Amino acid sequence: MKVLFFGTPLFAEIVLEGLLNSKHQVVGVVCQSDKPAGRGNKMVSPHITQIAKANNVPVFQFEKLLPHIEDFKNIDCDIFVTASYGKILPKSLLDIKLCINVHPSLLPKYRGATPIQNAILNGDVVTGVTVMKTEVGMDDGDIFLQEKFNISPEDDYTSLLPKLADLGTKLLLETLDKIENGTAKRTPQNAQDATFVKLLKKEDGLLDFSLSAESLVNKVRAFVEFPVACFKIGGEIIKVYKAKVATDDFAKQKLAEFEKNNFGTILCTKKRFLIKTGGGIFEILKCQAPNGKILDAAAFLNGYHFKSMAVDK
RNA sequence: CGCGAGGUAGAGCAGCUCGGAAGCUCGCCGGGCUCAUAACCCGGAGGUCACAGGUUCAAAUCCUGUCCUCGCAA
């Protein structure tokens with residue numbers, strides 16, 4: 001089939017690559033417009049544009065889609081496919097052709113912008129990918145295909161996203177085949193079971209050490225790309241990129257030594273970075289001081305001068 | 001020219017204000033001690049202080065330029 005693809009970030013890139021390597025033909029890639037980014041605020045194109053250009057696929061970048069409805073009507077294609085495009089498509093656009101979407105969750109659970117992060121954040125063991133009809137409502141269209149996927153305790157957002165994107169690609173290709181030969185079936189979502197997840201904000205990353213160590217580790221895993229889990233000590237922000245719950249004897253012994261201290265107390269600074277929490281011991285494995293590089297805990301501790309032996313409240 | 005921080009031994013850092021013998025913590029190599037070690041003791045290797053100019057009797061340190069890295073903001 002001739003596909004017009006809508007998508008912008010990494011998840012969309014992976015699905016697009018899968019489409020390009022399939023028997024289906026991608027007639028164009030629609031992504032968000034260039035934005036100033038990085039030091040110097042230079043204008044940067046979404047990376048997906050390079051993939052499109054490398055495959056000689058035309059790229060369409062619009063600030064708003066609505067003024068370009070007539071242009072879309074003139075594009076020779078059979079179907080629209082969206083994958084993490086980043087904006088809601090107007091009804092007048094969805095009326096032109098059938099439009100299907102790849103969404104990395106078990107819909108109707110986790111409708112919205114950050115399904116992968118929230119699955120990890122909540123400590124889910126199972127998530128999945130859904131291919132459904134794109135509607136004006138947020139991720140509420142009829143489901144074509146859905147498949148579960150196990151989240152490993154070792155997975156963080158960075159490692160899980162490509163796995164779900166690969167699964168999404170597989171389901172998308174199956175759906176396209178079924179639509180093409182007329183065997184596709186749709187199942188409405190059960191709206192009563194729907195949950196919604198919002199865009200993440202900077203302040204969402206702040207770690208609250210009154211919570212359990214396990215939930216803090218989940219936040220680290222979920223937010224590793226953005227906004228990055230962090231805490232303050234002596235007024236300085238320390239970002240945490242990798243952490244675990246410490247349950248070994250050495251850690252337990254340290255916890256016993258500081259039995260009377262409040263949560264947020266740093267238990268050990270020799271070679272391991274342990275912090276007492278409201279439930280268990282939080283161990284930092286990779287972190288970053290302001291202006292510094294991301295370091296292993298041992299390297300970080302060699303040179304870092306603690307201004308306090310407890311995390312700021 | 002968006003704002004800011006930095007480049008010193010294999011790693012992480014101090015020293016720069018106020019120029020005058022290259023330091024700390026770890027790692028590495030060798031030896032010692034211990035029932036034991038994520039402990040301790042002794043010794044050792046390892047640096048063109050990012051690069052290029054300038055000032056000076058003397059520059060990691062002061063001045064100018066270049067390259068690279070990172071944080072913030074978007």
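Nothing here was measured: the structure is a model prediction, and the numbers come from that model. Quick note on labels: first sequence line is chain A, next is B, and so on, each numbered from 1.
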Need the pair for B:C72. Rule: Watson-Crick or G-U wobble, both distances under 3.5 Å, any strand; none if unpaired.
B:G2
Please find out if less than 6.0 Å separates the ring center of A:Tyr85 from that of A:Phe80.
no
Atom CG in A:Leu66, atom CG in A:Leu89: separation rounded to 0.5 Å?
11.0 Å
Please tell me which of the listed nucleotides, B:A74, B:C70, B:A38, lies nearest to the side chain of A:Pro36?
B:A74
For atom C1', what is the distance between B:C42 and B:G47, given to the nearest Å?
24 Å
How many Å lie between CG on A:Asp296 and C1' on B:C26, as a whole number?
13 Å
Determine the Euclidean distance between corresponding C1' atoms of B:A36 and B:C24; express it in Å to zero decimal places.
29 Å
B:U48 versus B:A5 - spacing of their C1' atoms, nearest Å
25 Å
Choosing from B:A39, B:U69, B:A74, which nucleotide comes nearest the side chain of A:Lys271?
B:A39
Using Watson-Crick or G-U wobble geometry with both distances below 3.5 Å, tell me the partner of B:C16, or none.
none
Nucleotide paired to B:G65 in any strand shown, Watson-Crick or G-U, under 3.5 Å:
B:C51
Spacing of A:Phe300 atom CZ relative to B:G71 atom P, expressed in whole Å
14 Å
Side-chain N or O of A:Lys239 closer than 4.0 Å to phosphate OP1/OP2 of B:C70:
no
For B:C26 and B:A45, measure between their C1' atoms and round to the nearest Å.
16 Å
Over how many whole Å does the gap from A:Asn302 atom CG to B:C26 atom P extend?
7 Å
How far, in whole Å, is B:A60 from B:G4 if one measures between their C1' atoms?
23 Å
Step-by-step side chain to side chain contact (heavy atoms under 4.5 Å, CB included) determination, A:Leu172 to A:Ile100:
CA-CA 9 Å; A:Leu172 172 64; A:Ile100 62 175; 3.5 Å; yes
Closest to the A:His305 side chain: B:A38, B:G12, B:A14?
B:A14
B:A21 to B:U25 separation - C1' atoms, rounded to the nearest Å
23 Å
Which nucleotide, in any strand shown, forms a Watson-Crick or G-U wobble pair with B:U25, with both distances under 3.5 Å?
B:A11
Starting at atom CG of A:Asn41, determine the distance to atom P of B:G4, rounded to an integer number of angstrom.
14 Å
P atom, B:U8 versus B:A14: distance in rounded Å?
11 Å
Could you tell me which nucleotide pairs with B:C40 by Watson-Crick or G-U wobble geometry, both distances under 3.5 Å, or answer none if nothing does?
B:G32
Spacing between A:Ile294 atom CD1 and B:G6 atom P, to the nearest angstrom:
20 Å
Does CD belonging to A:Glu214 count more than 12 external heavy atoms closer than 6.0 Å?
no
Starting from P on B:C13, measure out to CD on A:Glu236 and report it in whole angstrom.
12 Å
Test for a donor-acceptor pair under 3.5 Å between the base of B:G4 and the side chain of A:Asn291, counting only N and O atoms.
yes
Please name the nucleotide paired to B:A60 by Watson-Crick or G-U wobble geometry with both distances under 3.5 Å, or report none.
none
Starting at atom NZ of A:Lys35, determine the distance to atom C1' of B:A73, rounded to an integer number of angstrom.
15 Å
What's A:Asp249 touching, base or sugar-phosphate or nothing? Going by heavy atoms closer than 4.0 Å.
nothing
If you measure from the C1' atom in B:A59 to the same atom in B:G46, how many Å do you get, rounded?
24 Å
Which whole-number value in Å describes the distance from A:Arg39 CZ to B:C3 P?
14 Å
Is the distance from OP1 or OP2 of B:C70 to the nearest side-chain N or O of A:Gln288 less than 4.0 Å?
no
Specify the residue among A:Ala298 and A:Arg272 whose closest nucleotide of RNA chain B lies further upstream toward the 5′ end.
A:Ala298
A:Tyr304 or A:Lys202, whichever maps to the more 5' nucleotide of RNA chain B:
A:Tyr304
Base, sugar-phosphate, or nothing for A:Ala299, non-hydrogen atoms under 4.0 angstrom?
sugar-phosphate
Under 30°, 30 to 60°, or over 60°: which ring-plane class applies to A:Phe306 and A:Tyr304, parallel, tilted or perpendicular?
perpendicular
Passes salt bridge (Lys or Arg N to Asp or Glu O under 4.0 Å), A:Lys178 versus A:Glu180? Steps please.
CA-CA 5 Å; A:Lys178 289 187 175 183; A:Glu180 192 167 29; over 6 Å; no
Centroid-to-centroid, A:Phe209 to A:Phe282, below 6.0 Å?
yes
